[in-house]
Amino acid sequence: PGRAMAWGGTLAIWGTAALAVGTCKVLGIKTMDDLKRVMNAQLSPLGDAIRDRMTPFKSYITEAPLDGSPKVNTKDSRFAKGVKDIFA
């Protein structure tokens, strides 16, 4: 059992390293500056898409209270009011 676990761990580390090296070659990453540039180019559209999808949901859940106080009170959110309308 010990040998099998050692070989499994070795293969897992080797496979992860091979995947990382292969990805760097495909994306043209040779230095840490390249890594920053490529990750920014690859992940910025994903982050923008997530932000664009979640912003309406966030405003739906956390609407400011009607009394004008800066604290967010979930009982005053449109979501909570919608649930109350359905079940009340």
Side-chain angles (χ1 to χ4, degrees):
R3 259 187 297 172
M5 287 186 65
W7 279 110
T10 302
L11 290 174
I13 291 169
W14 182 86
T16 302
L19 181 66
V21 169
T23 302
C24 287
K25 284 185 180 184
V26 168
L27 293 175
I29 299 171
K30 294 184 176 129
T31 65
M32 290 303 287
D33 291 331
D34 291 341
L35 177 68
K36 183 176 181 181
R37 177 186 50 79
V38 169
M39 287 297 108
N40 193 17
Q42 295 293 323
L43 296 178
S44 290
L46 177 63
D48 293 341
I50 291 171
R51 184 191 62 232
D52 292 343
R53 283 188 175 253
M54 295 306 288
T55 299
F57 180 72
K58 181 180 174 186
S59 66
Y60 184 69
I61 294 291
T62 58
E63 188 173 291
L66 296 176
D67 63 0
S69 65
K71 287 177 105 178
V72 174
N73 190 349
T74 56
K75 73 177 184 174
D76 296 325
S77 71
R78 288 184 291 167
F79 177 76
K81 289 177 184 175
V83 171
K84 286 178 186 175
D85 289 342
I86 292 171
F87 293 107

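The side chain to side chain donor-acceptor pair (under 3.5 Å) test applied to Ser44 returns Asn40, not counting sequence neighbours. A search for side chain to side chain contact (heavy atoms under 4.5 Å, CB included) contacts involving Val21 returns Lys25, not counting sequence neighbours. For Leu19, the side chain to side chain contact (heavy atoms under 4.5 Å, CB included) partners at least two apart in sequence or on another chain are Thr23. Applying the salt bridge (charged side-chain N to carboxylate O under 4.0 Å, His left out) rule to Arg51 yields the partners Asp48; only residues at least two apart in sequence or on another chain are considered. Remark: Ile13 pairs with no residue by the side chain to side chain contact (heavy atoms under 4.5 Å, CB included) rule, at least two apart or across chains. Applying the side chain to side chain donor-acceptor pair (under 3.5 Å) criterion to Asp52, with sequence neighbours excluded, gives no partner residue. Listed by chain and residue number, Leu43, Ile50 satisfy the side chain to side chain contact (heavy atoms under 4.5 Å, CB included) test with Leu46 (two or more places apart in sequence, or in another chain).
Placement of Leu11 and Met5 in two distinct hydrophobic clusters is found when ILVMFWY residues are connected by side-chain heavy-atom separations under 4.5 Å, directly or transitively. Val26 and Ile29 sit in two unconnected hydrophobic clusters of ILVMFWY residues. Membership requires side-chain heavy atoms under 4.5 Å apart, directly or through other members.
Within the structure, every pair that satisfies the salt bridge (charged side-chain N to carboxylate O under 4.0 Å, His left out) test and touches residues 32-43, not counting sequence neighbours, is listed here: Asp34-Arg37.
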